Amino acid sequence: MVCPLAGLPDFRQEDSAVATYLTNLSKTWVTNYAIDAIRMDTVKHAPNSYWQNSWVPGVLAARPGTFLLGEAFLSGSASQLKPFLDAGFDSTFNFPLRQALVDSVGKGGSLDRVAGSMQDTVGTLGLDRTLLQVNLLDNHDVPRFVNEPGSGVAETEIRARYGNALGLLMTLPGIPQLYYGNELGMYGANDPDNRRDMPAWAWTDTGRGAAQANFMAGGGTPKNTYDLTRKLTGIRKANAALWKGNYAELWRPNGGQNVYAFYRGSGTNRVVVVVNTSASAATVNLDLQGNTGISAADRSALSNGTVFNDLLAEGAPASATVTAGKLPVTIGAGRMGIYRAGATGTGGTGGTAVSVTFQVSASTFFGQDVYLVGDRPELGAWNTASALAMTPGGCVGSTCTWKTTVSLPPSVAAQFKFIKKPGDSGTSLTWEGGSNRAYTAPASGSATYNGGNWQ
């Protein structure tokens, strides 16, 4: 042993006997137990040669395919994390992105910080490695994100900032980590205040629906944060573009209004994310067909007239349409939209698309979700792989009201059904019984189709 680390005796991994001893401990664990992954703490405090030459090959020889996540508390740039990936770790915690989210969204700074951090991560690590980085808003080593704005910021503003941060966490390339209490808006300063116990009321909708001390208020309750988190995780799970898709920056402030937009694409699943943290509404004209960061196939598919529908439905416009190769979006102050490409052209009788919210009450088991599919291209054209994911709310036990909002041509008639399937896999489908449902969109404005109970 050599000098103490944080008051604890430190092992000298440079010594081959010590290296073998420590590696054999991990090899024993993964041999005796069906361990899928290892989170290795404080990897920067051991020689990188030890990880590369002893521990990583030793663990993978004992259990091939083990996911290796290294915790390196380094928040400067992706270049600080790259050596650990080069040593064999599959992933590290993306503290540089976390710091950018704190500076820009949490503290109300420029979204150039987030755009720049993501550009740095993809440029330094490459897309494949970036998709495996673990993104976070906070953990046990840093103050909770809702503490970062400071006591001088109004609770309503903190809630708006936190919602946008959660949205970016779930849509940027990487693996999102939720630290317990993130889903409820838990406050917490530096350690140990950021490690408060989860309260007993947190496990019920009734408890979450009441105002609670040490949790975000701002015109809402922990249930509002919980429901938003569920909605965002559902959107991510239902759209492969958000968990394995390409990334292309579409817009950053560059000294203008605080708007950041980016594109994610995987196969026919194409998503544009827009967030405006300005104090006023902003209009952006996002170049899709001229952006070489988007694949040639996707640029070709995103032809003029392609309609993007907002999956988030938290105050952004319900839809946007590609015009002259660009996607114009006017988005309100503090709002975020997660737009998925849907139909091309107006169809029907022509005119401006109308927004229709479809809803149905259905019971599901863990891991099962409700989707909408129908005869219109906006509804997936009866292709279950293109069915529209629905978001649950107002749950009582396993029964929830599931909703999704779609842009349809005015006055068009549609036939459809609700289906159940596990996530985005498209397998083990359960179709509604009975005849197809039918609906005719209004001539203008917006409407809601209340489907009652699953049939």
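Because the structure is a prediction, the values reported are computed rather than measured.
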>> Between Asn276 and Ile331 (side chain of the first, backbone of the second, donor and acceptor by atom type, cut-off under 3.5 Å), is there such a pair?
In response: yes

> In this structure, are over 12 heavy atoms from other groups packed under 6.0 Å from Asp36 atom CG?
Replying inline: no

> Between the side chains of Asn239 and Arg340, is a donor N or O closer than 3.5 angstrom to an acceptor N or O?
Replying inline: yes

> Between Trp201 and Phe215, does the ring centre distance come in under 6.0 Å?
Replying inline: yes

>> Could you walk me through whether Thr42 and Glu71 satisfy the side-chain contact (heavy atoms from CB on, under 4.5 Å) test, starting with their C-alpha distance in whole Å, then the side-chain angles of each, then the deciding distance to 0.1 Å, before giving a yes or no?
In response: CA-CA 5 Å; Thr42 59; Glu71 187 265 350; 3.8 Å; yes

>> A side-chain contact here means heavy atoms from C-beta on lying under 4.5 Å apart; do Asn285 and Leu327 qualify?
In response: no

> How about Leu379 and Leu372: do any of their side-chain heavy atoms sit closer than 4.5 Å?
Replying inline: yes

>> Please confirm whether the ring centroid of Phe89 lies under 6.0 Å from the ring centroid of Trp55.
In response: yes

>> Pair Phe145, Val102 - check side-chain contact (heavy atoms from CB on, under 4.5 Å), show working.
In response: CA-CA 7 Å; Phe145 194 90; Val102 168; 3.9 Å; yes

> With ring centroids as reference points, do Tyr247 and Phe262 lie under 6.0 angstrom apart?
Replying inline: yes

> So, Thr92 and Gln133: side-chain donor and acceptor under 3.5 Å apart, yes or no?
Replying inline: yes

> Where is the tightest heavy-atom contact between Ala78 and Pro96, given as atom of each residue plus distance?
Replying inline: N-CG, 4.3 Å

> To the nearest 0.5 Å, what is the distance between CD1 (Ile175) and CG (Asn135)?
Replying inline: 8.5 Å

> Where is the tightest heavy-atom contact between Ala19 and Ser54, given as atom of each residue plus distance?
Replying inline: O-OG, 3.7 Å

>> I need the Leu312 CG to Ile338 CD1 distance, nearest 0.5 Å.
In response: 4.5 Å

> Taking the six-membered ring of Phe358, is the NZ or CZ of Lys403 close enough (under 6.0 Å from the centre) and on axis enough (within 45°)?
Replying inline: no

> Where the side chain of Asn269 meets the backbone of Ala241, is there a donor-acceptor pair that is under 3.5 Å apart?
Replying inline: yes

>> When you compare the side chains of Ser363 and Ser398, does any donor N or O come within less than 3.5 Å of an acceptor on the partner?
In response: yes

> Between Asp287 and Trp251, is any pair of side-chain heavy atoms under 4.5 Å apart?
Replying inline: no

> Looking at Phe84 versus Trp51, is the centre-to-centre ring distance below 6.0 Å?
Replying inline: no

>> On the six-membered ring of Tyr180, is Arg144 placed so that its NZ or CZ lies under 6.0 angstrom from the centre and within 45° of the ring axis?
In response: yes

> Do other residues, nucleotides or ligands put more than 12 heavy atoms under 6.0 Å from Lys44 NZ?
Replying inline: yes

> Do Asn53 side-chain atoms and Ser49 backbone N/O form a donor-acceptor pair below 3.5 Å?
Replying inline: yes

>> I'd like to know if the side chain of Tyr162 reaches the main chain of Asn182, judged simply by a donor and an acceptor atom lying under 3.5 Å from each other, with no hydrogens or angles considered.
In response: yes

> Any salt bridge between Asp227 and Lys231, counting N to O under 4.0 Å?
Replying inline: no

> Can you find a heavy atom in the side chain of Val134 that is under 4.5 Å from one in the side chain of Asn94?
Replying inline: no

>> Any carboxylate oxygen within less than 4.0 angstrom of a Lys/Arg side-chain nitrogen, looking at Arg98 and Asp103?
In response: no

> Are side-chain heavy atoms of Tyr50 and Arg12 found at a separation under 4.5 Å?
Replying inline: no

>> Rounded to the nearest 0.5 Å, what separates atom CG in Leu228 from atom NZ in Lys223?
In response: 11.5 Å

> Would you say Thr124's side chain and Thr121's backbone share a donor-acceptor pair under 3.5 angstrom?
Replying inline: no

> How far apart are the closest heavy atoms of Ala238 and Ala389, and which atoms are they?
Replying inline: CB-CB, 3.0 Å

>> With rounding to the nearest 0.5 angstrom, report the CD to CG distance, Gln80 to Leu74.
In response: 5.0 Å

> Considering all heavy atoms of both residues, which atom of Leu111 and which atom of Asn258 are nearest to each other, and what is their separation?
Replying inline: N-OD1, 2.8 Å

> Where do Leu232 and Arg236 land on the side-chain contact (heavy atoms from CB on, under 4.5 Å) test, with the steps shown first?
Replying inline: CA-CA 6 Å; Leu232 287 165; Arg236 177 183 173 84; over 6 Å; no

> Can Gln119 and Arg252 be counted as having a side-chain donor-acceptor contact under 3.5 angstrom?
Replying inline: yes

> Side chains of Met216 and Pro222: closer than 4.5 Å at any heavy-atom pair?
Replying inline: no

> Are Asp191 and Asp141 side-chain neighbours, meaning at least one heavy-atom pair lies under 4.5 Å?
Replying inline: no

>> Salt bridge check, Glu183 against Arg230: does any charged N sit closer than 4.0 Å to a carboxylate O?
In response: no

> Taking everything shown except Tyr21 itself, do over 12 heavy atoms lie less than 6.0 Å from its OH?
Replying inline: no

> Just by modelled atom types, is the Ser319 backbone N or O under 3.5 Å from a matching donor or acceptor in the Asn309 side chain?
Replying inline: no

>> Is it true that Tyr187 and Asp193 share a donor-acceptor pair across their side chains at a distance under 3.5 Å?
In response: no

> With distance as the sole criterion, is a donor-acceptor pair present between the side chains of Asp120 and Ser77 under 3.5 Å?
Replying inline: no

> Any donor-acceptor pair under 3.5 Å linking the side chain of Asp90 with the backbone of Leu69?
Replying inline: no

> What distance do Leu288 atom CG and Leu302 atom CG have between them, rounded to the nearest 0.5 Å?
Replying inline: 5.5 Å

> So, Asp369 and Lys420, do they make that salt bridge, N to O below 4.0 Å?
Replying inline: no

>> Could you report the tightest heavy-atom contact between Asp310 and Pro317, atom names first, then the distance?
In response: CB-O, 3.4 Å

> Would you say the side-chain atoms of Thr225 and Arg159 include a donor-acceptor pair closer than 3.5 Å?
Replying inline: yes

> Counting only N and O atoms by type, is there a donor-acceptor contact under 3.5 Å from the side chain of Tyr260 to the main-chain atoms of Leu250?
Replying inline: no

>> So which atom in Lys421 and which in Ala385 form the shortest heavy-atom distance, rounded to 0.1 Å?
In response: NZ-CA, 4.1 Å

> Is there a donor-acceptor pair under 3.5 Å between the side chain of Arg264 and the backbone N or O of Val271?
Replying inline: no

> More than 12 heavy atoms of other residues, nucleotides or ligands under 6.0 Å from CG of Asp197: is that the case?
Replying inline: no

>> Measuring from atom CG of Asn224 to atom OG1 of Thr221, what distance do you get when rounded to the nearest 0.5 angstrom?
In response: 4.0 Å

>> Quick check: do Ser266 and Asn246 have side-chain heavy atoms less than 4.5 Å from each other?
In response: no

>> What I want to check is whether the side chains of Thr357 and Thr405 have a donor and an acceptor closer together than 3.5 Å.
In response: yes

> Are Lys107 and Glu148 within salt-bridge range, i.e. N to O under 4.0 Å?
Replying inline: yes

>> Any side-chain to backbone donor/acceptor pair from Glu155 onto Ala217? Under 3.5 Å, distance only.
In response: yes

>> Walk me through whether Phe93 and Leu136 qualify under side-chain contact (heavy atoms from CB on, under 4.5 Å).
In response: CA-CA 7 Å; Phe93 290 99; Leu136 67 158; 4.2 Å; yes

